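Only a predicted model underlies this, so the values are computations on that prediction, with no experimental measurement involved. By convention here, the first residue in the shown sequence is residue 1.
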Amino acid sequence: MGVAGKGQGWEVDTRTLGTLTVSAQGLGCMGMSEFYGTGDQAEAERTIHRALDLGVTFLDTADMYGPFTNEQLVGSAIAGRRDEVVVATKFGNERGEDGSFRGINGRPEYVRTACDTSLQRLGVEVIDLYYQHRVDTTVPIEETWGALRELVEAGKIRHAGISEAAPETIRRAHAVQPVTAVQTEYSLWTRDPEDDGVLATCAELGIGFVAYSPIGRGFLSGRIRSVDDLAPDDFRRRSPRFQGEAFERNLALVDRVREIADQKGVTPTQLALAWVMAQSERAGSPAGVDRPAVVPIPGTKRVSYLEENAAAADVALDDEDLRRLDEAAPAGAAMGDRYPDMSSVHR
């Protein structure tokens, strides 16, 4: 893992998710349109263009972001550069035009309609990786994934993925249509996939793993020292991990990570990302087969942060670094649930 020179800056290497080759670090585009305060479309497009220049060509969006406007933003930004990009988007969190949340929808007819509208908004003829964003427990997973198989056969999507799914759900989906990637939150303060069987299941089945929020929703950057550092409409203000006693305890975790980063001469953000990328090479069992390819997709809406993130590919971590980080941020160290309502994750 590393970066090669490309003019001024870096060029990120690649990794393979299932049979899909992507940049070893992706770009989460959600915050460019919603959830993390006010967005700036011009700066967002510059950020995407800079990402492509640096070899960060794996772009992640979803129809619900905005809602709907994030796909349009990504489509506008990649116009004329489609061949350089691996576009990933999602369906399943159904929202209205007014932003209202209608529920989780995995019905086959909805899958087909959602795909067609995403293709239109993105301005592309095919979606490279199409995720089921959340699992609809009212619809057998086999029915949802039968629709995804039909979309692959129709040439509308190239690969299918699933987000925040339990191991047995992943297996059932994979039996219908190969699962290329499982996307789940994973970072130094969210290490659940190591213990709940998701990483091991992905490794066993040859499925790639995409880590969203690899910087702990920005918390591991060390830039957030108070809730007042967040915009009034920032969704993190509602997160249990950003409130009260949990916030203070989690700050201690961040400070431990910062200390190690300072000693290595890198930023806490870069160290957090380097740790996630290093998980692909870690062998947690004697057979050394329980870790899939892991690709983080840090989100940002600014060029400066994008460049900081991309440079993490040059941060090498040895066994001693990994040991110290395991001690500084062991599984379960973060206090508080990841979401105010955890009912829709890990189904």
Side-chain angles (χ1 to χ4, degrees), residues 17-18 30 34-35 60-68 88-96 99-118 127 129-152 156-157 159-186 190-205 207-213 235 238-241 292 297 336-347:
L17 306 172
M30 178 185 78
E34 195 180 14
F35 301 111
D60 184 271
T61 182
D63 56 4
M64 74 161 286
Y65 302 157
F68 317 125
T89 192
K90 313 177 195 73
F91 73 91
N93 278 321
E94 188 176 6
R95 295 180 71 183
S100 60
F101 183 65
R102 296 177 175 174
I104 296 171
N105 195 337
R107 296 191 302 272
E109 61 271 22
Y110 176 75
V111 177
R112 292 187 283 268
T113 300
C115 180
D116 287 341
T117 51
S118 285
I127 295 166
L129 177 56
Y130 198 41
Y131 290 102
Q132 182 175 6
H133 206 164
R134 291 292 186 271
V135 176
D136 184 348
T137 56
T138 69
V139 178
I141 197 70
E142 290 80 4
E143 293 185 15
T144 303
W145 277 71
L148 287 169
R149 184 185 62 223
E150 292 172 2
L151 292 175
V152 171
K156 292 185 177 182
I157 70 173
H159 301 270
I162 195 165
S163 180
E164 293 285 4
E168 181 58 28
T169 303
I170 296 167
R171 292 180 184 279
R172 289 170 58 193
H174 192 67
V176 177
Q177 163 65 35
V179 178
T180 291
V182 171
Q183 183 177 142
T184 296
E185 184 172 351
Y186 187 42
T190 300
R191 300 183 60 169
D192 304 4
E194 297 173 3
D195 298 325
D196 59 21
V198 171
L199 283 175
T201 299
C202 289
E204 176 191 341
L205 299 178
I207 298 169
F209 184 89
V210 175
Y212 76 83
S213 294
F235 85 111
R238 302 190 303 276
S239 170
R241 291 192 176 183
I297 51 168
D337 285 338
R338 298 192 279 129
Y339 292 100
D341 180 0
M342 292 287 290
S343 63
S344 67
V345 302
H346 205 62
R347 293 180 165 195

### Query
With Q132, which of I141, V111, I104, N93 fulfils side chain to side chain contact (heavy atoms under 4.5 Å, CB included)?
I141
### Task
Quick one: do V198 and Y186 satisfy side-chain contact (heavy atoms from CB on, under 4.5 Å)? Show the steps, please.
CA-CA 11 Å; V198 171; Y186 187 42; over 6 Å; no
### Query
For D195, what residues pass the salt bridge (Lys or Arg N to Asp or Glu O under 4.0 Å) criterion, not counting sequence neighbours?
none
### Query
Do you know which two heavy atoms are closest between I207 and P292, and how far apart they sit?
O-CB, 3.3 Å
#### Entry: Under the side chain to side chain contact (heavy atoms under 4.5 Å, CB included) test, residues paired with D192 that sit two or more places apart
T190, D196, R338
#### Entry: Residues that D63 engages under salt bridge (Lys or Arg N to Asp or Glu O under 4.0 Å), provided they are two or more places apart
none
### All side-chain hydrogen bond (donor to acceptor under 3.5 Å, both in side chains) counterparts of T144, not counting sequence neighbours
none
### Task
Determine yes or no for a side-chain-to-main-chain donor-acceptor pair under 3.5 angstrom, with Y130 supplying the side chain and C115 the backbone.
yes
### Query
Got a sec, which residues hit salt bridge (Lys or Arg N to Asp or Glu O under 4.0 Å) with R172, two or more places apart in sequence or on another chain?
E142
#### Entry: Nearest atoms (heavy-atom pairs only) where P67 meets G96
CG-O, 3.4 Å
### Task
Sequence neighbours left out, what passes side chain to side chain contact (heavy atoms under 4.5 Å, CB included) with E94? Give chain and number order.
R102, N105, Y110
### Query
Are I170 and V182 side-chain neighbours, meaning at least one heavy-atom pair lies under 4.5 Å?
yes
#### Entry: Residues that A181 engages under side chain to side chain contact (heavy atoms under 4.5 Å, CB included), provided they are two or more places apart
L17, L129, Y131, V210
### Query
By side chain to side chain contact (heavy atoms under 4.5 Å, CB included), which residues pair with A166, not counting sequence neighbours?
T169, H346
#### Entry: Heavy-atom closest contact (F68 atom, R95 atom, distance)
CZ-O, 3.3 Å
### Summary
ring pair (Phe, Tyr, Trp, His ring centres under 6.0 Å) filter on H133, not counting sequence neighbours, yields Y65
### Query
Which residue pairs pass the salt bridge (Lys or Arg N to Asp or Glu O under 4.0 Å) test when at least one of the two sits in residues 105-115, sequence neighbours left out?
R107-E109, R112-E150
### Query
Looking at CD1 of I157 and CG of L151, how far apart are the two atoms once the value is rounded to the nearest 0.5 Å?
5.0 Å
#### Entry: Evaluation steps, side-chain contact (heavy atoms from CB on, under 4.5 Å), between L148 and F91
CA-CA 11 Å; L148 287 169; F91 73 91; 3.8 Å; yes
### Query
Where do H174 and T201 land on the side-chain contact (heavy atoms from CB on, under 4.5 Å) test, with the steps shown first?
CA-CA 11 Å; H174 192 67; T201 299; over 6 Å; no
### Step-by-step side-chain contact (heavy atoms from CB on, under 4.5 Å) determination, Q183 to I297
CA-CA 10 Å; Q183 183 177 142; I297 51 168; 3.6 Å; yes
### Summary
Of all heavy-atom pairs linking V176 and G146, the shortest is CG1-N, 3.7 Å
### Query
Just wondering, do E185 and E164 contact through their side chains at under 4.5 Å, heavy atoms?
yes
### Message
Please find the pair of heavy atoms, one from G106 and one from V139, that lie closest to each other, and give the distance.
### Response
O-CG1, 3.6 Å
## Note on the structure
In short, K90 meets T61 closest at the heavy-atom pair NZ-O, 2.8 Å
#### Entry: Residue list, salt bridge (Lys or Arg N to Asp or Glu O under 4.0 Å) with R191, at least two apart or on another chain
E194, D326
#### Entry: Cationic N near anionic O, under 4.0 Å, D136 to R347
no
#### Entry: Which residues share a side-chain hydrogen bond (donor to acceptor under 3.5 Å, both in side chains) with S163, sequence neighbours left out
R134
